[in-house]
Amino acid sequence: MSRKPCYWLMKSEPSAFSIDDLARAPRHMTCWDGVRNYQARNFMREMRVGDQVLFYHSSAEPSAVVGVAEVVKEAYPDSTAFDPKDKHYDPSSNPAQPTWDMVDIRLVRKFHRPIALDELRGIPGLSQMELLRKGSRLSVQPVRPSEWAIILKLAAK
DNA sequence: GCCAACGTTGGC
DNA sequence: GCCAACGTTGGC
């Protein structure tokens, strides 16, 4: 059963992993490891191959939506949680019963210009957007089709 | 670097 | 089950 692609937004600090890092990666792909938030994990579990993702740079200058990626592999156990040497090691997770999942994404395109947070604020059609909610820290979040359309239109300017 | 907002942990 | 303490996120 296929369904219409859903839209998402994923945050990354460019100092850790930027859209240029994704562009340089083999086959423009990466696994999205290190998510340690249940809500974000649950959204990743809902992702299906072909779903579209806004790539967002957080703690950046400027913080901005910088491009589009797509889901190429659905949720599977995040093995970095099993590795005591990994920054995101979580002893509560183990291979028999993994707590944390990741997905694989592939770069679709980098925008010609970053769509900064500043620009997104104040656009009426985006007033409900999770990213713009005060105090929102969710690193993986759904995006409404209407929001997706507005942002892609901004990217084309 | 500051700090508000948030999620998680753990004592009770 | 409550909630204070703590660690983290992320804009500024």
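To find a chain, count down the sequence lines: A is the first, B the second, and so on, and within it residues start at 1. Quick note: numbers below take in every heavy atom, side chains included, and nothing from hydrogens, waters or symmetry partners.
For the pair A:Glu13 CD and C:dC12 P, the computed distance is 15 Å after rounding to whole Å. Residue A:Glu119 contributes atom CD, which lies 16 Å from atom P of C:dG11 at whole-angstrom precision. A straight line from CG of A:Leu9 to P of C:dG10 spans 11 Å, rounded to a whole angstrom. Look at CE on A:Met10: it is 13 Å from P on C:dG10, rounded to the nearest Å. One atom, NZ of A:Lys87, and another, P of C:dG7, lie 15 Å apart when rounded to the nearest Å. Separating the CG atom of A:Leu131 from the P atom of B:dA5 is a distance of 17 Å, rounded to the nearest angstrom. Note: CD (A:Glu130) to P (C:dG10) measures 11 Å, nearest angstrom. Between A:Arg133 atom CZ and B:dA5 atom P there is a gap of 12 Å when expressed in whole angstrom units.
Side-chain atoms of A:Asp51 and A:Trp8 form a donor-acceptor pair, as typed in the model, at a separation below 3.5 Å. Between the side chains of A:Asp90 and A:Ser92, a donor-acceptor pair is found at a separation under 3.5 Å.
For the pair A:Gln141 (side chain) and A:Leu131 (backbone), a donor-acceptor distance under 3.5 Å is present. Checked by atom type and distance alone, the side chain of A:Asp21 pairs as donor or acceptor with a backbone atom of A:Ser18 at under 3.5 Å.
Contacts between residues 31-41 of chain A and DNA chain B, counted as heavy-atom distances below 4.0 Å, involve A:Asn37, A:Tyr38.
For the pair A:Glu119 and A:Lys157, the salt-bridge criterion is not met [side-chain N within less than 4.0 Å of a carboxylate O].
Nearest to the side-chain atoms of A:Arg121 among the listed nucleotides C:dT8, C:dG10, C:dG11 stands C:dG11. Comparing C:dC12, C:dG10, B:dC6 by their nearest atom to the side chain of A:Leu117 picks out C:dC12.
At the phosphate of C:dG10, OP1 or OP2 sits under 4.0 Å from a side-chain N or O atom of A:Lys11.
Both the sub-6.0 Å distance and the 45° axial angle are satisfied by A:Lys73 relative to the ring of A:Tyr76.
Both A:Ala60 and A:Arg137 sit near DNA chain C, but only A:Arg137 has its closest nucleotide nearer the 5' end.
Backbone-only contact: A:Ser63 has heavy atoms under 4.0 Å from sugar-phosphate atoms and none from a base.
The side chain to side chain donor-acceptor pair (under 3.5 Å) with A:Thr80 is formed by just one residue from the set A:Lys85, A:Arg36, A:Lys87; it is A:Arg36.
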